[in-house]
Student: 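Here you go, one structure.
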Protein chains: 2
Amino acid sequence: MRDNQQDGTVGKALDVLEMVAARAPVRFSDLMAQGGYPKATLYRLLQTLTHQGMLAYDEARGSYSLGLRLVRLAHGAWSQSALAPLARQVLDRLAQATGETVHLAQMDQGQVLYVDKRNATRPVEMFSQAGKVGPAYCTGVGKAMLAFMKDAALTEALARQSFHRFTAHTLDASALRAELETIRQRGYAFDREEHEAGIICVAVPILTGLGRMIGALSVTSSTARSSLPGLEAQVPALQQAASDIGAEAESWRFPESS
Amino acid sequence: MRDNQQDGTVGKALDVLEMVAARAPVRFSDLMAQGGYPKATLYRLLQTLTHQGMLAYDEARGSYSLGLRLVRLAHGAWSQSALAPLARQVLDRLAQATGETVHLAQMDQGQVLYVDKRNATRPVEMFSQAGKVGPAYCTGVGKAMLAFMKDAALTEALARQSFHRFTAHTLDASALRAELETIRQRGYAFDREEHEAGIICVAVPILTGLGRMIGALSVTSSTARSSLPGLEAQVPALQQAASDIGAEAESWRFPESS
DNA sequence: TCAAATGGTTCCATTATTTGAAACTAAGTC
DNA sequence: GACTTAGTTTCAAATAATGGAACCATTTGA
């Protein structure tokens, strides 16, 4: 978390926000212990952020958590992200057609950010799903997006991957590079239980007419319910959906995965 | 929007964030026109926020929108808000029992912030609902919360109400004051088509054991489907649900509705 | 075609804000 | 009652933000 280039006071404040996000609810002393900020500085930043509603302070426990103002702002971000609202009907159709769980994801700072979801089996969960992040190097959507990023962004994104070995199938850095090439040629990515045992998925990138990658779409299943060839059969539907979204998004620019 | 007390540089940055939130996608010149910031200052704030991922800049259109980083942070805020995750099962049960649309709301800067929802009729919409804000003075949850706020917070919240007349039934400032007293005594609030014609609801505050108001719960219907007495029949179920949540939330502090 | 206006970006001396070591207070601990 | 520990305040020094003005690149319109 400490790796942020500064951007002055605002950068510091956001850095503190992330520190709280990572371990909330968290006490002043914990932040003090793990952080590179002097006591008085950290103290004042927390005060300001709390006063602004970006953090919430629990007097009883003396701990900080993220504030509700973020929820309100995120509602705006989500509805303005151009991709999520635009993709809603397409997602509905895709979930209907495949009968499986469907994810819509974008890239955020080298991580996979899930922006929408349809759950075919269980009733849909709200919010608890949109906003979730996941690793890029071992998820279907992550690899699909990495494969279609432009070089500069890809290099930076790869540098941010941890390559933690979640399962026996998780790829390492060099295996990933090779696989990305395959994905680029084939046009879609698999997740072969690389993130979670028993969970498999196929994912396709969402490309604008100009070839810019703006997100990814996936169909997820379990080894119990389906198999890789079974999922592969969903690829045409996925690609159709992705191109529907891409066509509409044409003029919209995907924010740099800085 | 310009009413923010400053809190230094961070306050200014967040003020700009709100300006973008309010009218996105918005061009530099529009912000320039309506904002109290000199050109160079505004320019630099936008740069910083964009670089930090709090804003997204659309190169093609030359316009700013809210950034995806907010969505990620909000996911944390939501799951840390203590109320929302804690209330999920209760909400499910309540929606099941009443067969109507159910809302969970909290107060944020004098506005009603919806943090979760169950929609009995249509399939649930994600995110697009949680994070929404509404007026406090003319919604069931809003009035239920106002009625149980402590004096200082109430005064401040009332000062922030616009009292725009949405329908013929919308209350004005003095009518609201009287109604709040009634609600306080009765323990629940109605929305008699005050915000939207044809839409009615009953709402109860969520109180901790110590009497602190931490949110509100409502059941919504339409004049076509139901009536006020019909909704009133749901009050016991609502109050049970609210007290279930309140009991669990005991030790948790509701962030000041600054 | 060329002037003028508009919209966005950069400069830089000035100014205001942030900084953080240290002093201080309030609550535990032993 | 001395001794930590955790949080808060102070204040001169250090730093970052400020914003008027100059600048560049497009667009407008005459």
Side-chain angles (χ1 to χ4, degrees), chain A residues 1-20 23-52 54-65 67 251-253 255-256 258, chain B residues 1-20 22-67 251 253 255-256 258:
Chain A
M1 305 284 111
R2 208 94 18 286
D3 49 74
N4 246 353
Q5 70 280 67
Q6 286 293 346
D7 265 338
T9 311
V10 174
K12 278 176 215 166
L14 293 176
D15 187 37
V16 169
L17 206 66
E18 295 283 354
M19 284 168 60
V20 174
R23 329 183 137 209
V26 64
R27 318 176 117 268
F28 179 83
S29 53
D30 302 330
L31 292 169
M32 199 52 235
Q34 61 117 208
Y37 296 102
K39 211 157 54 145
T41 304
L42 182 61
Y43 180 72
R44 256 176 292 105
L45 284 172
L46 288 169
Q47 290 253 105
T48 305
L49 288 169
T50 303
H51 180 68
Q52 288 285 343
M54 300 297 277
L55 292 178
Y57 181 66
D58 179 341
E59 265 175 1
R61 303 189 187 180
S63 62
Y64 295 88
S65 310
S251 66
W252 181 73
R253 180 184 165 275
E256 224 55 70
S258 76
Chain B
M1 307 284 111
R2 206 94 20 292
D3 49 76
N4 247 352
Q5 69 281 68
Q6 286 290 349
D7 265 338
T9 311
V10 174
K12 278 176 214 166
L14 293 176
D15 187 37
V16 169
L17 206 65
E18 295 285 352
M19 284 167 60
V20 173
R23 328 182 138 210
V26 63
R27 323 178 111 268
F28 179 84
S29 53
D30 301 330
L31 292 170
M32 199 53 234
Q34 62 118 205
Y37 296 102
K39 212 155 53 144
T41 303
L42 181 62
Y43 180 73
R44 255 177 293 105
L45 284 171
L46 289 169
Q47 291 252 103
T48 305
L49 289 168
T50 303
H51 180 68
Q52 288 285 343
M54 301 298 278
L55 293 178
Y57 181 65
D58 180 341
E59 265 175 358
R61 304 187 185 178
S63 63
Y64 295 87
S65 310
L66 295 176
S251 67
R253 181 182 163 277
E256 224 55 72
S258 76

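Predicted model, so just to flag it, every value in this text is computed and none were measured. The chains referred to below are lettered A, B, ... by the order of the sequence lines, with proteins before strands, and numbering in each begins at 1.
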Student: Can you see which heavy atom on B/Leu66 is nearest to which on B/Leu17, and at what distance?
Tutor: CD2-O, 3.8 Å
Student: In this structure, how many angstroms lie between the P atom of C/dT10 and the CG atom of B/Leu46, rounded?
Tutor: 13 Å
Student: Through what angle, rounded to 10 degrees, does the axis of the helix from C/dT1-D/dA30 to C/dC30-D/dG1 turn between its ends, using five pairs per end?
Tutor: 30°
Student: Check whether any side-chain nitrogen or oxygen of A/Thr9 sits under 4.0 Å from OP1 or OP2 of C/dT17, and answer yes or no.
Tutor: no
Student: Kindly compute the distance separating CE (B/Met19) from CG (B/Leu46), expressed to the nearest 0.5 Å.
Tutor: 8.0 Å
Student: May I ask you to evaluate whether B/Tyr43 reaches the phosphate of C/dG8, defined as a side-chain N or O under 4.0 Å from OP1 or OP2?
Tutor: no
Student: Could you grab the distance from atom OH of A/Tyr57 to atom OG of A/Ser63, nearest 0.5 Å is fine?
Tutor: 7.5 Å
Student: Which letters describe nucleotides 20-30 of chain C, given B = protein heavy atom under 4.0 Å from base, S = only from sugar-phosphate, - = neither?
Tutor: BB---------
Student: How long is the line joining OH of B/Tyr57 and C1' of C/dG7, in whole Å?
Tutor: 10 Å
Student: Taking distance alone, no hydrogens or angles, what donor-acceptor pairs closer than 3.5 Å link side-chain atoms of residues 38-45 of chain B to residues at least two apart or in another chain?
Tutor:
none

Student: Rounded to the nearest 0.5 Å, how far does CG of A/Leu49 lie from CG of A/Leu14?
Tutor: 8.0 Å
Student: Could you tell me the separation between the OG1 atom of B/Thr9 and the NZ atom of B/Lys12, rounded to the nearest 0.5 Å?
Tutor: 5.5 Å
Student: How many whole angstroms separate atom CZ of B/Phe28 from atom C1' of C/dT6?
Tutor: 13 Å
Student: Restricting to non-hydrogen atoms, name the atom on A/Val20 and the atom on A/Tyr64 that form the minimum distance, rounded to 0.1 Å.
Tutor: CG1-O, 3.8 Å
Student: When you list every nucleotide of DNA chain D with an atom under 4.0 Å from a heavy atom of chain B, which one comes first 5' to 3', and which comes last?
Tutor: D/dA17 to D/dG20
Student: Any donor-acceptor pair under 3.5 Å linking the side chain of B/Arg27 with the backbone of B/Arg61?
Tutor: yes
